[in-house]
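Note that ligands are numbered from 1 as they come in the structure, with each ligand's atoms numbered from 1 the same way. What you see is a predicted model; the values in this text were computed from it and never measured.
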Amino acid sequence: MADVPNDASTTDHDVDWPVGRVAERVGVPAATLRTWDRRYGIGPSLRTGGGHRRYTEEDVRRVRVMARFIGRGVPALTAARIASAMDSERLRIEVPNASAQTAGEDAATALQGTSFDTGHDSTVLDGPIAEISSAAIALHAQTLTSLYRKTLRERDLVSAWTDVFSPALRLIGEQWGEGALGVESEHLASELLVAELRAIIHAARPPHPRRSVLLAGADDEQHYLPLLALQAELARQGLSAAYLGPRLPTRALGDLITRRQPDAVFLWASMERPDAEPLWHTLATATGPLDVVLGGPGWPNTLPRVADGVKVTRVSDLAAAARALQHLPEAPG
Ligand code: B12
């Protein structure tokens with residue numbers, strides 16, 4: 001092996017690093033690096049004739065990605081799967097200069113910045129949330145389905161969605177945003193969850209509607225899992241609601257309100273709504289009584305003036321959405 005040069009002069013091809021030097025560069029003990037190699041295959045691609053580990057710059061980048069995700073609270077196995085799934089190009093994007101930061105800095109940056117905030121019961125981070133994301137990364141459809149079913153057996157639907165599925169989806173979204181997971185993993189995880197939610201809706205077969213409730217995605221909004229979660233929870237509570245799917249054109253919604261006069265409409269938006277939101281005009285000219293319930297991070301915080309008899313409410317979770325559509329008072333506290 002060549003003499004170990006200054007980090008600054010390193011290119012990707014001229015040096016292979018012994019484990020001790022990688023430990024110094026990355027800020028992870030050599031013993032831990034050996035464990036990552038043995039247990040997760042995150043290690044050197046080369047060995048000397050005497051069997052000593054030699055890390056290439058790409059190996060060092062992969063180790064840094066692993067350290068970074070662990071620093072964010074992602075379990076080691078998941079972190080290893082994320083790091084293993086990255087090709088050379090992705091690793092260069094993630095870690096442009098393999099010697100620029102220590103792992104400790106990576107972890108600190110991660111913790112200050114976009115942490116994997118599950119929003120709810122953080123004690124489950126090591127459990128089903130991480131397992132769902134790992135199964136999605138590994139494209140293990142059967143494991144995903146078993147995890148979804150197990151969660152639904154162990155928790156009621158609101159808790160399954162709020163404390164497990166929703167944080168798992170957000171983690172998957174974060175990993176997709178960082179390039180740690182491909183869109184195919186996101187599709188697989190969401191499609192299989194759609195199937196489970198539809199099965200619940202089908203099995204519940206709620207009786208004839210007591211109220212006329214419509215559920216739809218806003219104009220141009222492709223995300224619809226929360227609509228199905230809501231339809232399933234309403235069905236479980238005995239209320240049937242008409243699911244109109246994602247991307248309902250506002251003009252069609254306006255026509256429906258005029259012709260059908262529903263009691264309530266729930267509209268989901270994950271994506272930020274445009275400043276000139278066409279829905280506001282529709283609601284300013286609609287004839288009530290009508291409850292409009294808005295859910296999802298895409299809606300603005302300030303709601304517009306609407307016609308008399310039209311009540312617009314913004315809700316922030318599944319339970320609140322179900323209550324608002326059932327016309328039930330807010331839960332105390
Ligand atoms: C699955 C998924 C998809 C699937 C959707 C499939 C389906 N059947 O719905 C597909 C592949 C189609 C998709 C497409 C796209 N997606 Co997408 N997707 C997701 C993912 C992983 C989950 C979506 C979801 O169901 N979220 C619902 C819950 C889990 O998340 P949440 O809204 O943050 O939850 C908060 C609240 O809303 C509330 N809450 C949770 N559940 C419920 C339920 C109810 C009833 C209520 C009231 C509240 C509530 O609690 C949370 C805490 O505040 C998210 C990640 C994420 N963070 O959501 C990305 C995400 C929403 N997608 C994103 C993007 C960018 C896209 C695309 C533009 C990608 C592209 N380039 O084509 C397109 C969208 C095009 C469009 N015009 O709509 C971004 C949006 C960023 C933004 N806001 O600008 C996200 C956040 C990923 C990311 N990290 O960047 N996506």
Heavy-atom pair of closest approach, residues E233 and A322: CG-CB, 4.0 Å
S316, portion touching ligand 1 at heavy-atom distance under 4.0 Å: backbone
Residue pairs involving residues 296-310 (criterion side chain to side chain donor-acceptor pair (under 3.5 Å); sequence neighbours excluded):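 Sorted pair list: N301-R314.
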Check this for me - ligand 1, [X], N or O atoms closer than 3.5 angstrom, yes or no?
{"X": "D317", "value": "no"}
{"X": "E272", "value": "no"}
{"X": "S190", "value": "no"}

Donor-acceptor list for residues 285-298 side chains, cut-off 3.5 Å, not counting sequence neighbours:
residue, atom, partner, partner atom, Å
T285, OG1, H281, O, 3.0
T285, OG1, T282, O, 3.2
D291, OD2, H327, ND1, 3.0

Which option wins on minimum heavy-atom distance to [atom]: [options]?
{"atom": "atom 87 (C) of ligand 1", "options": "W176, W161, W299", "result": "W176"}
{"atom": "atom 26 (N) of ligand 1", "options": "S270, A269, A218", "result": "S270"}
{"atom": "atom 46 (C) of ligand 1", "options": "W268, F266, F165", "result": "W268"}

Distance-only side-chain donor-acceptor flag, R170 / S166, under 3.5 Å: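 Judged by distance alone, the side chains do pair up.
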Side-chain donor-acceptor contact under 3.5 Å, S45 with D59: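 There is such a pair (donor and acceptor under 3.5 Å, judged by atom type) between the side chains of S45 and D59.
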